[in-house]
There are 4 protein chains.
Amino acid sequence: MSRKKTIDPVDLYTATEELILEHGYSRFHFKALAEKLGVARSTIYNYYDKKEELVTDYMIHLLERSVERIDDAAEEEEPVKGLIRLWSRYAHMHQMLQIMPYIDREATDKVRQNVQRMFELFQEMKAKIGVILTSGREAELMRQDVSLSTRVGFIMATVQIPISNMTEEEWVDEVYAIVRDGLYLNGKK
Amino acid sequence: MSRKKTIDPVDLYTATEELILEHGYSRFHFKALAEKLGVARSTIYNYYDKKEELVTDYMIHLLERSVERIDDAAEEEEPVKGLIRLWSRYAHMHQMLQIMPYIDREATDKVRQNVQRMFELFQEMKAKIGVILTSGREAELMRQDVSLSTRVGFIMATVQIPISNMTEEEWVDEVYAIVRDGLYLNGKK
Amino acid sequence: MSRKKTIDPVDLYTATEELILEHGYSRFHFKALAEKLGVARSTIYNYYDKKEELVTDYMIHLLERSVERIDDAAEEEEPVKGLIRLWSRYAHMHQMLQIMPYIDREATDKVRQNVQRMFELFQEMKAKIGVILTSGREAELMRQDVSLSTRVGFIMATVQIPISNMTEEEWVDEVYAIVRDGLYLNGKK
Amino acid sequence: MSRKKTIDPVDLYTATEELILEHGYSRFHFKALAEKLGVARSTIYNYYDKKEELVTDYMIHLLERSVERIDDAAEEEEPVKGLIRLWSRYAHMHQMLQIMPYIDREATDKVRQNVQRMFELFQEMKAKIGVILTSGREAELMRQDVSLSTRVGFIMATVQIPISNMTEEEWVDEVYAIVRDGLYLNGKK
DNA sequence: CATGAATGAGGCTTCATTCAT
DNA sequence: GATGAATGAAGCCTCATTCAT
């Protein structure tokens, strides 16, 4: 039959992620990717015709996993804390989403479709968070005087808070505390 | 911008900002810049030897103005609200800071120095926010059980919250409300 | 072509011809050929080591058949008309010959030999036409004040005349009429 | 002011023509062109963004000149002979037209427009020849029992007749002789 | 200063072809 | 034989940058 594959598709994603996180999208080339994987540049073209296709495929993969995890978070005792913990694990997702404006959406049809799919997944993510905030026990506990979209945006924005000199779990606790009760003392100690 | 064949340095900044906000840093070229300014590409080199120098100069200019405004915010009745209002005005600053990873810091000595200066300004900004949170009346009102760095990061992260279907002032009110009191009802209305 | 995983050599020729006529030699790749044949690209290499070898083999095959037909034409009542009718059937041969300048003759020894053989076949074709024009009844009917090579070239050039809005046979009649008697009235109707 | 130009646009056309005639369109690259002109490859991109744009521009230039010459031919004593003489001068035009199928017409908008323009010029050329064949003294002298399109195609096809062992003027005389009176003796000497 | 011209470096892609199974 | 995988060579193209006027 044929020769044994040297590129594991999972490695492709891993290498893509690492390169982008290390150097940013502008320095993400098939050349660098090939070097990292130890193959010829043209070899990658047997897997992906365009770098945009690879990147968007990877991002969809990442988003899909993230969206799944939101369901897990929803099951937790404190769903909002679950979301924040999710961010601590998927912090790089945020950085990946930042590169979206740099992607040439018109590169190929596949890219166009992928970008569309990413948009849908992003909406889905926001919708799921919206559901968490408006359903069950949360709805009762939560203030309704602020628009849902701002509340959802608020929770998502916390992914940006840097984690300095503490463990992941400490970060989650601190962020959850202020998300829940705010920065100000309200009769709290 | 101008039709004159000479470059007004202010136009350089304006055009730089517009190009980056419109198309992202990856599509920011001296070629496009020259077209926007109506001059020859090589003319820009009489002002800047490297595109990184231009961009970092511009970003320093932007950061310096922002830092000044923080002092104004500190004077307000509700300083934290002042900060949030500042974000609504300088939302693009956030986008500009996003491009930092894309800049080749090693390009020239000047760039290296500029990046260093940006870092200092950024620290200064965080420090000023820290001072606001720990001084005067705020210190008494604010919870101390969460680390200062997380609280500062929290306030800065709110710049990410999207402004959907509302005025700038409504956004400021909503965001300030949850920043202050959190997402949950705590005996509040 | 075939769905079998083995290649029928005849299919190879057919597919080659179709691809070249459709898209020209510059877009004739083993990639496209393999797709058309429903086999893997590398499989073709079990039959031909070089694409030039395949193409020239095919062209030789085509020329050989054409040369044979010239003998048939010579047997006809009006041999020159027979030649012209031959062109109407083998019009693609003309297009195939056009691609000769695009073939890398130095690719392999086989290619060199094939090109040589094609040249010989082409000479043979011209020779056979020359014989027709100078032998038997034709010689008496035909003017001798124009060099033989021009007369042969003239007949061969007619393959270029487009066939617009008429049947193959009408084209043959019209072309033969002017080849025989020229464009001008000479006491003719 | 600026540096002195090293590329004369006329040289660009000349080099383009030479390269294509020597090696065929498939071996016509900006790389080869740059070498021939003694400039860097990228320099050519300051003149033409796409090789298709250069080639089609050149071909339009060539066609336009040819079309003009047809008007001159029409003025001659024997217009058809004028056309044939024109071919002897513009024989390469025929070869250039052969490459049309190899040009990627969809490369850019400019290319699309150029190809359209070429098509129009080609139609114009055929129309002008048609006018010659049907107007004035010619119409009376010429047979009408063969369709105009075949007669026009016939004249254009003669450009293919090889010129072997004779001067240009001898070739013109010979070809004109058979175009006018045909291959056969009709009471002629 | 301003400019148009030229260039090199770097990235993108496509294919013919080779290789191991 | 047939195949899928890998590769190198070759061509395409864009831009930052330098240079001479």
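We name chains A, B, ... by the order of the sequence lines, and we start the count at 1 in each one.
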Where the side chain of [X] is concerned, which of [options] is the nearest nucleotide?
{"X": "C/Tyr45", "options": "F/dT3, F/dT17, E/dT17", "value": "E/dT17"}
{"X": "D/Arg41", "options": "F/dC12, F/dT7, F/dT3", "value": "F/dC12"}
{"X": "D/Lys51", "options": "E/dC12, F/dC12, E/dA9", "value": "F/dC12"}
{"X": "B/Lys50", "options": "E/dT3, F/dT17, E/dT7", "value": "F/dT17"}
{"X": "A/Ile7", "options": "F/dA6, F/dT3, F/dC19", "value": "F/dA6"}
{"X": "C/Phe30", "options": "F/dG8, F/dC19, E/dA16", "value": "E/dA16"}

**OP:** Taking only the side-chain nitrogens and oxygens of B/Lys31, find out if one of them lies under 4.0 Å from OP1 or OP2 of F/dT14.
**Re:** no

Original post:
Taking only side-chain nitrogens and oxygens of A/Tyr47, does any of them come within less than 4.0 Å of OP1 or OP2 of F/dA6?
Top reply: yes

Original post:
Is it true that a side-chain atom of C/Lys51 and a backbone atom of C/Phe28 form a donor plus acceptor pair closer than 3.5 Å?
Top reply: yes

Original post:
How would DNA chain E look in dot-bracket form, 5' to 3', counting Watson-Crick and G-U wobble pairs with both distances under 3.5 Å and writing | for bases paired to another strand?
Top reply: .||||||||||||||||||||

Original post:
How many Å lie between CZ on B/Phe28 and P on F/dA16, as a whole number?
Top reply: 9 Å

Original post:
With no angle test and no hydrogens, is the base of E/dA2 tied to the side chain of B/Asn46 by a donor-acceptor pair under 3.5 Å?
Top reply: yes

**OP:** Check the angle between the aromatic planes of A/Tyr13 and A/His61 and answer parallel, tilted or perpendicular using the 30° and 60° thresholds.
**Re:** tilted

Original post:
Centres of the C/Phe30 and C/Tyr45 rings: under 6.0 Å?
Top reply: yes

